[in-house]
Every structure is written in C-alpha cells, then in structure tokens.
K.L.:
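Take a look at this one; I'll ask things after.
Within every chain, numbering begins at 1; the chains are lettered A, B, ... in the order of the sequence lines, protein sequences first and strands thereafter. Here the structure is a predicted model, which means the values were calculated and not measured.
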There are 2 protein chains.
Amino acid sequence: MSKLNTQLLKGTLEGAMLLIISREELYGYVLNQRLQESGFDTVSDGTIYPALQKLQREGYIVGEMRKSPEGPARKYFKITAEGRIYLQLFIETWSRLKQNMEGLIDENQRRYWGK
Amino acid sequence: MSKLNTQLLKGTLEGAMLLIISREELYGYVLNQRLQESGFDTVSDGTIYPALQKLQREGYIVGEMRKSPEGPARKYFKITAEGRIYLQLFIETWSRLKQNMEGLIDENQRRYWGK
DNA sequence: GCCTCCTAACTTGTAAAACAATATAGCTAT
DNA sequence: ATAGCTATATTGTTTTACAAGTTAGGAGGC
C-alpha cells in the first residue's frame, strides 16, 4: 500500500511541491507538512531536499537562507516566472494523464454493474 | 513535454497496463497500441516487456505463448484473481492521489480569477 | 554540565522504473 | 537477397524516492 503510493508519487511530487510554493513562500520543513496536509504520505528528507535543489537548478524556484528566531536557519523558496510557466505546462500534462486514466477506469467499473 | 510525460508516467503505467489486460487478453505489441489509443505517448519496448514480466512475477497476470498465423509467436497475457484484487487497490490509491492533486490545482486556479 | 527532543538542511548508498539501442527471429513482398 | 513489418527480450544509462546518517541551533530536564 505504501509502496504503491511511492510509485504513484513519482512524477507528481515535483508538480505538487511547485503548486504549494506558488501560493506560499516557505522552507523545506514546512513544505513537507503542507504535503501531508494535502493528503500525501510523509515524504522523506532524502526526497524533499534533493527535489528542491533540482527545482532551483532548473530555475523554477529560488531559495534564500534566513535566520530563525528559534532553531537553525531556514531556506525559504519562492517560485520564479519560469516556474509559473512550467507549472501551467505541468497542470495541462497532468490533466491529460488524468483523463486517460479516468477513461480506462470508467470502462473497468462499467463492466461490474450494467454494461 | 515528452520528458514531463515520462515522469508523470511513472507509477501509473503498471495500473494502466493491468486495466487494459483486465478487459482483453492480449500480447505486448498490441498492449502498446492500446496504450496509445488510450492517450498515452508511445511506450518503448524496453519499458513494456520488463513491466509485463514484473506483473507476471508478482502473480497479477499470466502469459502463454501461442503461434501466430503470420509472423513470430505471441505471448498472450490475462489477468489473475490476485491481479483483480491489486487492480481495485490501485484504483483506490489513484483516486486518492487524483483528489489530492485536484485540491492543489483548484486552489492554484482560483487565485487567477476571483479569489 | 549533559542528555534528550524538536527543528532544519543536507549527504550517501540503494532500489525501482523508463528509455534508447540492440539482438533475435518469423513471415511477406519485391 | 534484402527490405519491411511483426514480435519478444536484453543491456546500459538516467532519474527518482527512500532509509539512514550527519551537522547544527535552541529549549527543557536532570
């Protein structure tokens, strides 16, 4: 079950992260909490920090270190103009995939009650 | 674009393959055509055959070689009882992921016309 | 002082998945 | 024969997610 979720996570995580960062400037630790609030299973540190670095490397987000009043410094990320363009592309591609899957699933369900 | 699709494909491909096999006994070559008909980009041979072997190894499908009236032999696959159970689990997990993404995307769209 | 806990970012090594490219092989038509 | 379509399978590479571990700051308890 959790393994299945891991597989389904692939490919959608970056998009989900970018969607959250697009509405709110935040740092990795809080991003992880937001993902959980959005229904995703806990994402490990070893997943989220490399993913953030990749998004930054590609120019979709930029990070900035800021001191914390309590605890270690935080790296706040915000989305760039390029990131917004990529985000729209992601949403379109996701929608297409969603419709494709929906079509297959609907047909599957239909065969179990009245053809 | 095609690269983005590749990433989104991850995790959903097995489910899509199983959905198609559940409605129709077929072999890899035709499965690939069906996937395209369902809107997925072309899936390479190096993806589909190992994926079929994995599904069989896990007991979700079984394959059987049959002679072809024209051309080389074909390996026909059909879904097993175990495969049907896994398929229902996949559909539930997919639906959950879909709703999670939907929630994030809706919120994103809302911020561009009437808050 | 020392230990534990919570926050916070990052690294390392491993496993899974998809791809391109390649190999093999049967049949058809030129 | 050789080119083209069908058909399965393997190899090597890249990407992604994870577990586990490292480093470090601040708070509280003993």
K.L.:
So what does B:G46 touch, heavy atoms closer than 4.0 Å: a base, only the sugar-phosphate, or nothing?
P.N.:
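Base, at least one base heavy atom under 4.0 Å.
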K.L.:
From the options C:dA18, D:dT8, D:dT10, select the nucleotide whose nearest atom is closest to the side chain of B:T47.
P.N.:
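Shortest atom-to-atom distance from the side chain points to C:dA18.
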K.L.:
Under 30°, 30 to 60°, or over 60°: which ring-plane class applies to B:Y27 and B:Y76, parallel, tilted or perpendicular?
P.N.:
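Correct class here is perpendicular.
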K.L.:
List the atom of B:G59, the atom of B:T80, and the distance in Å for their closest heavy-atom pair.
P.N.:
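Heavy atoms of B:G59 and B:T80 come nearest at O-OG1, 2.6 Å.
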K.L.:
Can you identify which nucleotide, out of D:dA9, D:dA7, D:dG25, has its nearest atom closest to the B:D45 side chain?
P.N.:
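My answer, after comparing the listed nucleotides, is D:dA9.
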K.L.:
State whether B:E25 and B:R66 are salt-bridged, where the test is any N-O pair (Lys NZ or Arg NE/NH1/NH2 against Asp/Glu carboxylate O) under 4.0 Å.
P.N.:
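Looking at B:R66 together with B:E25, the answer is yes, because their closest N to O distance falls below 4.0 Å.
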K.L.:
Let me spell it out: for each of A:E14 and B:R74, pick the nucleotide of DNA chain D with the closest heavy atom. Which residue's pick is nearer the 5' end?
P.N.:
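This one resolves to B:R74.
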K.L.:
Can you identify which nucleotide, out of D:dA24, C:dA20, C:dC10, has its nearest atom closest to the A:P72 side chain?
P.N.:
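It is D:dA24.
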K.L.:
Less than 4.0 angstrom between a side-chain N/O of A:K67 and OP1 or OP2 of D:dG25, yes or no?
P.N.:
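So the side-chain polar atoms of A:K67 never come under 4.0 Å of the phosphate oxygens OP1 or OP2 of D:dG25.
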K.L.:
Over how many whole Å does the gap from B:E70 atom CD to D:dG4 atom P extend?
P.N.:
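Spelled out: CD on B:E70 to P on D:dG4 is 19 Å.
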K.L.:
Charged N to carboxylate O below 4.0 Å: is that the case for B:K54 and B:E58?
P.N.:
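Between B:E58 and B:K54 there is a salt bridge, with a charged N closer than 4.0 Å to a carboxylate O.
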K.L.:
Rounded off to whole Å, could you give me the OH-to-P distance for the A:Y29 and D:dT23 pair?
P.N.:
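One finds 20 Å between P of D:dT23 and OH of A:Y29, rounded.
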K.L.:
Where is the tightest heavy-atom contact between B:V43 and B:N32, given as atom of each residue plus distance?
P.N.:
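Nearest heavy atoms, B:V43 then B:N32: O-ND2, 2.8 Å.
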K.L.:
Between B:Q53 and B:V30, who's closer to the 5' end of DNA chain D by nearest nucleotide?
P.N.:
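Mapping each residue to its closest nucleotide by heavy atoms, the 5'-most match is B:V30.
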K.L.:
Counting side-chain heavy atoms from CB outward, which of C:dT11, C:dA17, D:dA9 is closest to B:K54?
P.N.:
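Of the candidates, C:dA17 comes closest.
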K.L.:
What contact category does B:A51 fall into here, base, sugar-phosphate, or nothing, at under 4.0 angstrom with non-hydrogen atoms?
P.N.:
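Since no nucleic acid heavy atom lies under 4.0 Å of B:A51, the category is nothing.
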K.L.:
Give one of base, sugar-phosphate or nothing for B:L52, where a contact means two heavy atoms less than 4.0 Å apart.
P.N.:
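Since no nucleic acid heavy atom lies under 4.0 Å of B:L52, the category is nothing.
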K.L.:
Does B:Y49 put a side-chain nitrogen or oxygen below 4.0 Å from OP1 or OP2 of D:dT10?
P.N.:
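No, outside the criterion.
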K.L.:
Where the side chain of A:P50 is defined as all heavy atoms beyond and including C-beta, which of C:dC19, C:dA9, C:dT11 is the nearest nucleotide?
P.N.:
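The nucleotide sitting nearest to the side chain is C:dT11.
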